[in-house]
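Every chain is numbered from 1 and lettered A, B, ... according to where its sequence line falls, protein lines coming before strand lines. Computed from a predicted model, the values in this text were never measured in an experiment.
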Number of protein chains: 2
Amino acid sequence: MISKKTKYAINALVFLAKREGQGPIVISEIAEKEHIPRKFLESILLNLKKAGILASKKGKGGGYYLLQNPDEINLADVMRLFDGPIAFLPCVTYKYYERCEECKDEETCGIRDVFFEVKKKTVELLKKASLSEIIKRENRLISLL
Amino acid sequence: MISKKTKYAINALVFLAKREGQGPIVISEIAEKEHIPRKFLESILLNLKKAGILASKKGKGGGYYLLQNPDEINLADVMRLFDGPIAFLPCVTYKYYERCEECKDEETCGIRDVFFEVKKKTVELLKKASLSEIIKRENRLISLL
DNA sequence: ATAAAGTCTATAGATTTGGTAGACTATTAT
DNA sequence: ATAATAGTCTACCAAATCTATAGACTTTAT
């Protein structure tokens, strides 16, 4: 399960993507509309800014806005940013690689082999899931009602 | 990431599967050979027994052994047993379903739509990953060395 | 100046994780 | 019978992580 932090981040990003081009949006508005605790959201947005996904403007008329394109920002990156690795085992991650202590031989580990395949497929799907894609899906679901 | 508990459980099960038909194996042997803290392993095996996957025999000559077939026991079931749902969101799980508090409309949620697809594919792969399959993969990897 | 809005630091309760200790019960060999 | 073996049950605990909250501080537009 993803953490609330990640869930909040995704919701905030989708919210901002829907308002793209409308200038900065203040934290409070995102918090209210998306039902996210204000102070908690602050630190989340700050992280997204540090990651180069969002930018902010201070003072009156300020707020947050997307720095990257909605079709560049994807769930794999956002999830990794807040929850760390997506894989089920440290030994099948790329950026967070770590050997399993209990493991006898990584090269021939059947468990690792399975989890590598799972991770590969998962990341593939999550990489495709950009903000644009999420909004596209939402519109499709609405049209089907 | 899966918990150590789940990882230990999987390793213990694969160990037992490799020794199938050789009678009960004592906890201490599994703990030593698989580098799992003895006392921790006890509770894990007990859970697997309660779940109907393992059975045990007490007293001298006792120990644990597989109750189900190695090709029936799969990673999806084991992971669910110890770590709960496999999905990234509570709203796309079957047995652990829960509505997302922040969510406005589940029916048209694009995020949910993505995570449903991810979960579906993941569970599909993990269901196929039985103990037999894991051992088969291990043998294949060894043969390739 | 002043109000608006993001930034930074610190703290804290709740839950989960990973593990330990020890008494108790059932089984088997002698 | 009884001693040794081996699983079972209950309780506990330290550390880490998660989910926040509080408040002081900085920057900017008007």
Salt bridge (charged side-chain N to carboxylate O under 4.0 Å, His left out) between A/R112 and A/E106, intermediate numbers included: CA-CA 7 Å; A/R112 181 171 183 254; A/E106 202 174 274; 3.6 Å; yes
Which of these nucleotides, [options], is closest to any side-chain atom of [X]?
{"X": "B/K50", "options": "D/dT8, C/dG19, D/dC9", "answer": "D/dC9"}
{"X": "A/K49", "options": "C/dA5, C/dT7, D/dT19", "answer": "C/dT7"}
{"X": "B/K4", "options": "D/dC9, D/dA20, C/dG18", "answer": "C/dG18"}
{"X": "B/K58", "options": "C/dG18, C/dA5, D/dT8", "answer": "D/dT8"}

Would you say [N] has OP1 or OP2 under 4.0 Å from some side-chain N or O of [X]?
{"X": "A/Y8", "N": "D/dA20", "value": "yes"}
{"X": "B/S56", "N": "D/dT8", "value": "yes"}
{"X": "B/S28", "N": "D/dA6", "value": "no"}

Measure [atom1]/[X] against [atom2]/[N] and give the value in whole Å, please.
{"X": "A/M1", "N": "C/dT16", "atom1": "CE", "atom2": "C1'", "answer": "14 Å"}
{"X": "A/K7", "N": "D/dC18", "atom1": "NZ", "atom2": "C1'", "answer": "13 Å"}
{"X": "A/K57", "N": "C/dT7", "atom1": "NZ", "atom2": "P", "answer": "13 Å"}
{"X": "B/L54", "N": "D/dA6", "atom1": "CG", "atom2": "P", "answer": "18 Å"}
{"X": "A/I27", "N": "D/dT26", "atom1": "CD1", "atom2": "P", "answer": "18 Å"}

Interface with DNA chain C, restricted to residues 30-47 of chain B and to heavy atoms under 4.0 Å: B/P37, B/K39, B/F40
Close approaches to DNA chain C from residues 78-102 of chain B, in residue order (heavy atom, under 4.0 Å): none
Locate the shortest heavy-atom distance separating [X] from [Y]; write the atom from each residue and the value.
{"X": "A/A17", "Y": "A/L66", "value": "CA-CD1, 3.7 Å"}
{"X": "B/K119", "Y": "B/A87", "value": "CG-CB, 3.6 Å"}
{"X": "A/E102", "Y": "B/E34", "value": "CB-O, 3.5 Å"}

Which residue lies more 5' along DNA chain D, comparing A/K60 with A/K5 via nearest heavy atoms: A/K5
Indicate if [X] and [Y] have the same hydrophobic cluster label, given that clusters are the connected sets of ILVMFWY residues with side-chain heavy-atom separations under 4.5 angstrom.
{"X": "B/F116", "Y": "A/L141", "result": "no"}
{"X": "B/V118", "Y": "B/V123", "result": "no"}
{"X": "A/M1", "Y": "B/F115", "result": "no"}

Residues B/K120, B/E117: salt bridge by 4.0 Å N-O rule: no
Reported CD1-to-CG distance for the pair A/I53 and A/D77, which is rounded to 0.5 angstrom: 6.5 Å
